[in-house]
Amino acid sequence: MDPEGHVNCSPKGNRDEFAVLGPDRVAYLDQTGSGIETVAHVQENARIVLMFCAFDGPPRIVRLHGRGRVVTGNDAEFAEIGQRFPRSSDVGVRSIVTVDVTRVSDSCGYAVPLMSFKSHRPTLDEWADRKGRAGVYAYWAEKNSESIDGAPGLPHSGGAVEPG
């Protein structure tokens with residue numbers, strides 16, 4: 001791990017993209033983004049924390065600390081874990097990140113703002129659909145091959161099977 005490197009904090013969606021796999025294991029779909037920071041950091045040292053904030057109701061924050069692993073489309077368990085996510089075959093899905101949870105912590109969310117959910121943004125899905133699988137792979141090759149600190153990201157296809 002580069003002590004001079006950047007700290008990663010990446011927002012994730014809530015469109016059925018998080019799953020509890022077992023008593024101490026969770027996973028989420030890794031969608032295409034302009035960077036590859038979470039994947040690169042997990043591959044670098046496996047440390048990860050997932051943070052959940054309550055934007056309405058009681059002010060709570062829950063963190064799941066653990067060891068992460070990146071599961072790509074070429075990994076045997078991708079299909080098995082992918083069954084837990086209705087969108088795992090979407091064009092923009094780069095990988096699945098699994099986390100073996102070693103610590104759960106909670107705290108007050110007194111400083112978290114109250115927010116109302118309006119809707120999911122369709123922008124990422126529309127962008128990926130317009131580009132198509134080959135276009136998304138080209139984007140990954142350009143933008144997701146390494147982190148901002150130069151740590152390896154994913155191969156241009158994110159490990160997914162290339163289109164025929």
Side-chain angles (χ1 to χ4, degrees), residues 1-73 75 77-78 80-90 92-125 127-128 136 139-140 143-154 158-159:
M1 185 170 116
D2 181 358
E4 301 298 319
H6 292 84
V7 173
N8 176 44
C9 180
S10 299
K12 305 298 180 206
N14 65 344
R15 306 173 305 165
D16 294 322
E17 295 172 346
F18 177 81
V20 176
L21 303 179
D24 298 318
R25 192 166 188 233
V26 298
Y28 70 87
L29 282 183
D30 173 50
Q31 297 280 357
T32 296
S34 55
I36 191 79
E37 302 311 303
T38 303
V39 166
H41 288 196
V42 165
Q43 291 179 143
E44 183 177 57
N45 62 31
R47 294 186 313 170
I48 190 169
V49 63
L50 307 179
M51 184 174 85
F52 301 86
C53 299
F55 292 112
D56 64 4
R60 303 301 295 166
I61 296 172
V62 174
R63 290 177 181 87
L64 305 178
H65 303 259
R67 309 293 290 174
R69 192 166 71 80
V70 178
V71 180
T72 67
D75 293 325
E77 68 184 310
F78 185 92
E80 177 188 336
I81 298 171
Q83 293 176 21
R84 306 293 290 269
F85 303 100
R87 307 171 58 87
S88 66
S89 62
D90 283 7
V93 173
R94 285 188 299 209
S95 66
I96 297 172
V97 176
T98 65
V99 179
D100 291 318
V101 178
T102 57
R103 180 177 187 264
V104 177
S105 64
D106 68 331
S107 61
C108 76
Y110 294 162
V112 175
L114 287 170
M115 300 172 72
S116 298
F117 177 75
K118 184 175 179 180
S119 69
H120 293 288
R121 294 180 192 264
T123 314
L124 178 60
D125 297 328
W127 172 88
V136 169
Y139 181 85
W140 291 346
K143 302 282 189 179
N144 294 167
S145 62
E146 65 180 35
S147 76
I148 58 176
D149 295 322
L154 290 176

> Salt bridge between D90 and R15, side-chain N to carboxylate O under 4.0 Å?
Replying inline: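 No, no charged N to carboxylate O under 4.0 Å.
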For the pair [X] (side chain) and [Y] (backbone), establish whether a donor and an acceptor sit closer than 3.5 Å, ignoring hydrogens and angles.
| X | Y | value |
| --- | --- | --- |
| D149 | H6 | yes |
| N144 | Y139 | no |
| R67 | N45 | yes |
| D75 | T72 | yes |
| R84 | V20 | yes |

> Would you find more than 12 non-hydrogen atoms of other residues, nucleotides or ligands less than 6.0 Å from Y110 atom OH?
Replying inline: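 No, OH of Y110 has 12 or fewer neighbouring heavy atoms, counting only those of other groups under 6.0 Å.
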Under 4.5 Å between any side-chain heavy atoms of [X] and [Y], yes or no?
| X | Y | answer |
| --- | --- | --- |
| I81 | T98 | yes |
| T38 | K12 | yes |
| V93 | Q31 | yes |
| V99 | L64 | no |
| D56 | S116 | no |
| V70 | D30 | no |
| K143 | T32 | no |
| D16 | F85 | no |

Contact summary for [X] and [Y], nearest pair of heavy atoms:
| X | Y | value |
| --- | --- | --- |
| A54 | V112 | O-CG1, 3.6 Å |
| L21 | A27 | CD1-CB, 3.6 Å |
| G82 | S88 | O-OG, 3.0 Å |
| G153 | Q43 | O-NE2, 2.9 Å |
| V71 | F78 | O-CD1, 3.6 Å |

>> Using the rule side-chain contact (heavy atoms from CB on, under 4.5 Å), only one of R94, H41, E146 pairs with I36; which is it?
In response: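 Testing each of R94, H41, E146 against I36, the sole residue satisfying side-chain contact (heavy atoms from CB on, under 4.5 Å) is R94.
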> Rounded to the nearest 0.5 Å, how far does NZ of K118 lie from CE of M115?
Replying inline: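 Interatomic distance, M115 CE to K118 NZ, rounded to 0.5 Å: 12.5 Å.
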>> Could you measure the distance from the CD1 atom of I96 to the OH atom of Y28? Nearest 0.5 Å is fine.
In response: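 Spacing of CD1 (I96) from OH (Y28) equals 11.5 Å.
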